[in-house]
> 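Mind having a look at this structure? Questions to follow.
No experiment lies behind these values; they were computed from the predicted model shown. Numbers here simply count residues along the sequence, with the first being 1.
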Amino acid sequence: MGIAFIQDKLEIKFLILYIAARLTEPVDGAALQDMTMCDDGIDYFDYAECLNDLVRTEHLRVTEDGRYVITDKGRKNSGICESSLPYSVRQLSDRHIAAYNKEALRRQQVQSHVTQRENGTYTVTLKLRDDVDSLMELELMVADKESGQALAERFQREPEKVYGQIIGLLCRK
(Lines give C-alpha, C1' and ligand atoms only; values in the text may rest on other atoms or scores of the structure.)
Protein backbone atom coordinates (compact mmCIF):
# COMPACT_ATOMS: atom_id res chain seq x y z
CA MET A 1 0.00 0.00 0.00
CA GLY A 2 1.34 3.42 -0.97
CA ILE A 3 1.21 6.72 0.81
CA ALA A 4 -2.06 8.66 0.75
CA PHE A 5 -1.69 12.41 0.18
CA ILE A 6 -5.40 13.05 -0.38
CA GLN A 7 -6.99 13.20 3.07
CA ASP A 8 -10.67 14.08 2.61
CA LYS A 9 -13.55 14.48 0.20
CA LEU A 10 -12.89 18.18 -0.28
CA GLU A 11 -9.44 17.37 -1.66
CA ILE A 12 -11.00 14.75 -3.95
CA LYS A 13 -13.31 17.44 -5.32
CA PHE A 14 -10.35 19.78 -5.82
CA LEU A 15 -8.55 17.01 -7.70
CA ILE A 16 -11.54 16.27 -9.96
CA LEU A 17 -11.86 19.97 -10.78
CA TYR A 18 -8.09 20.26 -11.31
CA ILE A 19 -8.24 17.46 -13.85
CA ALA A 20 -11.44 18.62 -15.59
CA ALA A 21 -10.09 22.17 -15.95
CA ARG A 22 -7.10 20.92 -17.95
CA LEU A 23 -8.82 18.52 -20.34
CA THR A 24 -9.28 19.63 -23.93
CA GLU A 25 -12.60 17.84 -24.41
CA PRO A 26 -15.43 16.46 -22.28
CA VAL A 27 -14.45 13.23 -20.55
CA ASP A 28 -16.37 10.03 -19.94
CA GLY A 29 -16.79 8.79 -16.39
CA ALA A 30 -14.36 5.89 -16.73
CA ALA A 31 -11.49 8.05 -17.99
CA LEU A 32 -12.13 10.69 -15.31
CA GLN A 33 -12.17 7.98 -12.67
CA ASP A 34 -8.88 6.53 -13.95
CA MET A 35 -7.21 9.94 -13.77
CA THR A 36 -8.65 10.73 -10.34
CA MET A 37 -7.78 7.43 -8.65
CA CYS A 38 -4.09 8.37 -8.58
CA ASP A 39 -3.69 8.41 -4.82
CA ASP A 40 -4.21 5.73 -2.17
CA GLY A 41 -6.36 8.16 -0.18
CA ILE A 42 -9.15 7.93 -2.77
CA ASP A 43 -11.63 5.08 -2.91
CA TYR A 44 -14.29 4.57 -5.55
CA PHE A 45 -17.27 5.38 -3.32
CA ASP A 46 -15.82 8.70 -2.15
CA TYR A 47 -14.88 9.53 -5.74
CA ALA A 48 -18.41 8.76 -7.01
CA GLU A 49 -20.00 10.82 -4.24
CA CYS A 50 -17.70 13.78 -4.91
CA LEU A 51 -18.34 13.61 -8.66
CA ASN A 52 -22.11 13.65 -8.08
CA ASP A 53 -21.74 16.57 -5.65
CA LEU A 54 -19.78 18.56 -8.25
CA VAL A 55 -22.51 17.98 -10.83
CA ARG A 56 -25.25 18.84 -8.32
CA THR A 57 -23.47 22.08 -7.33
CA GLU A 58 -22.92 22.95 -11.02
CA HIS A 59 -19.11 22.80 -10.92
CA LEU A 60 -19.35 20.10 -13.60
CA ARG A 61 -22.11 19.37 -16.05
CA VAL A 62 -23.00 16.22 -17.92
CA THR A 63 -23.26 16.49 -21.71
CA GLU A 64 -26.00 14.81 -23.74
CA ASP A 65 -23.69 11.86 -24.43
CA GLY A 66 -22.91 11.37 -20.73
CA ARG A 67 -19.51 13.06 -20.60
CA TYR A 68 -18.34 15.48 -17.96
CA VAL A 69 -17.21 19.04 -18.64
CA ILE A 70 -16.19 21.75 -16.22
CA THR A 71 -18.39 24.83 -15.90
CA ASP A 72 -17.21 28.43 -15.47
CA LYS A 73 -18.03 28.12 -11.77
CA GLY A 74 -15.94 24.95 -11.56
CA ARG A 75 -13.04 26.51 -13.45
CA LYS A 76 -13.04 29.53 -11.16
CA ASN A 77 -13.08 27.42 -7.99
CA SER A 78 -10.47 25.06 -9.39
CA GLY A 79 -8.10 27.96 -9.96
CA ILE A 80 -8.58 29.15 -6.40
CA CYS A 81 -8.15 25.73 -4.78
CA GLU A 82 -5.58 23.91 -6.92
CA SER A 83 -2.64 24.98 -4.74
CA SER A 84 -4.28 23.03 -1.89
CA LEU A 85 -3.53 19.77 -3.70
CA PRO A 86 -0.27 18.05 -2.80
CA TYR A 87 2.43 18.74 -5.38
CA SER A 88 3.10 15.05 -6.03
CA VAL A 89 -0.59 14.45 -6.79
CA ARG A 90 -0.64 17.39 -9.21
CA GLN A 91 2.48 16.08 -10.96
CA LEU A 92 1.00 12.62 -11.42
CA SER A 93 -2.31 14.12 -12.54
CA ASP A 94 -0.52 16.33 -15.06
CA ARG A 95 1.02 13.22 -16.67
CA HIS A 96 -2.40 11.54 -16.90
CA ILE A 97 -3.96 14.74 -18.28
CA ALA A 98 -1.22 15.13 -20.90
CA ALA A 99 -1.73 11.54 -22.08
CA TYR A 100 -5.51 12.02 -22.26
CA ASN A 101 -5.18 15.30 -24.17
CA LYS A 102 -2.75 13.68 -26.61
CA GLU A 103 -5.30 10.93 -27.30
CA ALA A 104 -8.06 13.54 -27.62
CA LEU A 105 -6.05 15.43 -30.22
CA ARG A 106 -5.54 12.19 -32.14
CA ARG A 107 -9.31 11.51 -32.01
CA GLN A 108 -9.95 14.95 -33.49
CA GLN A 109 -7.33 14.52 -36.19
CA VAL A 110 -8.18 10.95 -37.24
CA GLN A 111 -11.82 10.07 -37.69
CA SER A 112 -13.60 7.21 -39.37
CA HIS A 113 -17.16 5.99 -39.38
CA VAL A 114 -19.41 3.59 -41.24
CA THR A 115 -22.96 4.49 -42.32
CA GLN A 116 -25.56 2.42 -44.11
CA ARG A 117 -26.89 3.59 -47.46
CA GLU A 118 -30.48 3.24 -48.64
CA ASN A 119 -29.53 0.44 -51.07
CA GLY A 120 -28.11 -1.73 -48.25
CA THR A 121 -24.44 -1.03 -48.91
CA TYR A 122 -22.27 1.01 -46.56
CA THR A 123 -20.16 4.16 -46.80
CA VAL A 124 -16.86 4.29 -44.96
CA THR A 125 -15.76 7.87 -44.29
CA LEU A 126 -12.09 8.43 -43.47
CA LYS A 127 -10.92 11.86 -42.32
CA LEU A 128 -7.43 13.12 -41.54
CA ARG A 129 -6.72 16.61 -40.18
CA ASP A 130 -3.70 18.44 -38.92
CA ASP A 131 -3.77 21.25 -36.34
CA VAL A 132 -5.07 23.74 -38.91
CA ASP A 133 -7.13 22.13 -41.64
CA SER A 134 -8.44 19.00 -43.29
CA LEU A 135 -5.78 16.95 -45.11
CA MET A 136 -8.07 14.28 -46.49
CA GLU A 137 -11.67 13.17 -46.51
CA LEU A 138 -12.34 9.97 -48.37
CA GLU A 139 -15.62 8.10 -48.80
CA LEU A 140 -15.60 4.48 -49.92
CA MET A 141 -18.51 2.18 -50.69
CA VAL A 142 -18.37 -1.34 -49.26
CA ALA A 143 -20.80 -4.23 -49.49
CA ASP A 144 -21.19 -5.02 -45.79
CA LYS A 145 -20.80 -3.41 -42.39
CA GLU A 146 -18.01 -5.78 -41.27
CA SER A 147 -15.82 -4.78 -44.24
CA GLY A 148 -16.49 -1.13 -43.54
CA GLN A 149 -15.57 -1.47 -39.88
CA ALA A 150 -12.37 -3.33 -40.81
CA LEU A 151 -11.35 -0.50 -43.17
CA ALA A 152 -12.18 2.13 -40.56
CA GLU A 153 -10.14 0.32 -37.89
CA ARG A 154 -7.12 -0.08 -40.21
CA PHE A 155 -7.28 3.61 -41.06
CA GLN A 156 -7.38 4.49 -37.35
CA ARG A 157 -4.18 2.51 -36.75
CA GLU A 158 -2.09 4.05 -39.56
CA PRO A 159 -3.77 7.11 -41.10
CA GLU A 160 -0.50 8.76 -42.09
CA LYS A 161 0.57 5.67 -44.01
CA VAL A 162 -2.75 5.52 -45.89
CA TYR A 163 -2.51 9.23 -46.70
CA GLY A 164 1.09 8.87 -47.88
CA GLN A 165 0.24 5.92 -50.11
CA ILE A 166 -2.68 7.75 -51.72
CA ILE A 167 -0.53 10.81 -52.37
CA GLY A 168 2.24 8.56 -53.74
CA LEU A 169 -0.14 6.83 -56.13
CA LEU A 170 -1.68 10.10 -57.32
CA CYS A 171 1.71 11.77 -57.86
CA ARG A 172 3.21 8.87 -59.82
CA LYS A 173 3.86 9.56 -63.49
Side-chain angles (χ1 to χ4, degrees), residues 14-38 47 51 54-55 58-79 82 85 87-173:
F14 291 165
L15 178 58
I16 293 170
L17 290 176
Y18 179 85
I19 292 167
R22 285 159 178 75
L23 298 177
T24 58
E25 68 178 18
V27 62
D28 65 38
L32 184 57
Q33 178 186 340
D34 287 345
M35 287 184 272
T36 304
M37 305 290 281
C38 64
Y47 159 77
L51 181 63
L54 290 170
V55 171
E58 298 179 349
H59 288 84
L60 296 176
R61 72 175 173 79
V62 182
T63 63
E64 289 179 10
D65 61 352
R67 294 174 174 266
Y68 295 91
V69 65
I70 195 164
T71 63
D72 289 338
K73 177 181 179 180
R75 193 172 304 282
K76 178 182 173 190
N77 288 336
S78 174
E82 69 184 38
L85 288 172
Y87 180 69
S88 60
V89 172
R90 282 184 284 157
Q91 276 189 311
L92 182 57
S93 294
D94 287 343
R95 286 195 298 272
H96 292 295
I97 292 164
Y100 181 87
N101 285 340
K102 184 178 179 181
E103 291 172 13
L105 178 61
R106 182 75 171 178
R107 281 190 296 276
Q108 290 173 2
Q109 292 176 334
V110 181
Q111 298 177 5
S112 62
H113 62 275
V114 179
T115 53
Q116 187 170 15
R117 295 178 174 192
E118 288 181 18
N119 66 2
T121 62
Y122 291 82
T123 299
V124 181
T125 305
L126 310 174
K127 296 180 183 181
L128 181 62
R129 300 182 51 84
D130 63 10
D131 293 338
V132 179
D133 207 352
S134 176
L135 299 175
M136 177 183 82
E137 185 168 339
L138 179 63
E139 289 187 349
L140 304 167
M141 190 277 297
V142 295
D144 57 72
K145 188 173 185 177
E146 294 76 25
S147 298
Q149 289 173 331
L151 289 174
E153 288 169 11
R154 278 188 226 125
F155 178 73
Q156 286 288 328
R157 283 194 304 268
E158 297 183 298
E160 297 87 355
K161 185 176 180 180
V162 172
Y163 176 75
Q165 289 175 343
I166 291 171
I167 294 297
L169 288 170
L170 293 173
C171 291
R172 224 187 295 167
K173 289 185 178 183

> If the condition is side-chain contact (heavy atoms from CB on, under 4.5 Å), which residues does R22 pass it with, not counting sequence neighbours?
Y18, S78, E82, D94, I97
> Which residues pass the side-chain contact (heavy atoms from CB on, under 4.5 Å) test with Q33, sequence neighbours left out?
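Listed in chain order: M37, Y44, Y47.
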> Looking at SG of C171 and CD1 of I166, how far apart are the two atoms once the value is rounded to the nearest 0.5 Å?
11.5 Å
> State, yes or no, whether a side-chain contact exists between T125 and T123 at a heavy-atom distance under 4.5 Å.
yes
> If only side-chain N and O atoms count, and only distance matters, is there a donor-acceptor pair under 3.5 Å linking N77 with H59?
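The answer is yes; a qualifying pair exists.
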> Between N101 and T24 (side chain of the first, backbone of the second, donor and acceptor by atom type, cut-off under 3.5 Å), is there such a pair?
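Between the backbone of T24 and the side chain of N101 there is a qualifying donor-acceptor contact (under 3.5 Å).
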> Please examine the side chains of V27 and R67, heavy atoms only from C-beta on, and report whether any two atoms are closer than 4.5 Å.
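Side-chain contact under 4.5 Å: no.
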> May I ask you to check whether over 12 heavy atoms, not counting those of N119, lie within 6.0 Å of atom CG?
yes
> Using the test side-chain contact (heavy atoms from CB on, under 4.5 Å), find all partners of S88 that sit at least two apart in sequence or belong to another chain.
F5, P86
> Output a table of donor-acceptor pairs, distance under 3.5 Å, between side-chain atoms of residues 126-140 and any protein atom two or more places apart or on a different chain; print 'none' if there are none.
residue: D130; atom: OD1; partner: V132; partner atom: N; Å: 2.8
residue: D130; atom: OD1; partner: D133; partner atom: N; Å: 2.7
residue: D131; atom: OD1; partner: Q109; partner atom: NE2; Å: 2.8

> Look only at the side chain of R61 and the backbone of V69, and say whether a donor-acceptor pair between them is shorter than 3.5 Å.
no
> Return all side-chain donor-acceptor pairs below 3.5 angstrom for residues 145-153, not counting sequence neighbours, or 'none' if the list is empty.
residue: S147; atom: OG; partner: D144; partner atom: OD1; Å: 2.9
residue: S147; atom: OG; partner: D144; partner atom: OD2; Å: 3.3

> Write out all pairs satisfying side chain to side chain donor-acceptor pair (under 3.5 Å) with one or both partners inside residues 156-168, taking only residues at least two apart or from two chains.
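Of all non-adjacent pairs touching residues 156-168, those that pass side chain to side chain donor-acceptor pair (under 3.5 Å) are R106-E160, S112-Q156.
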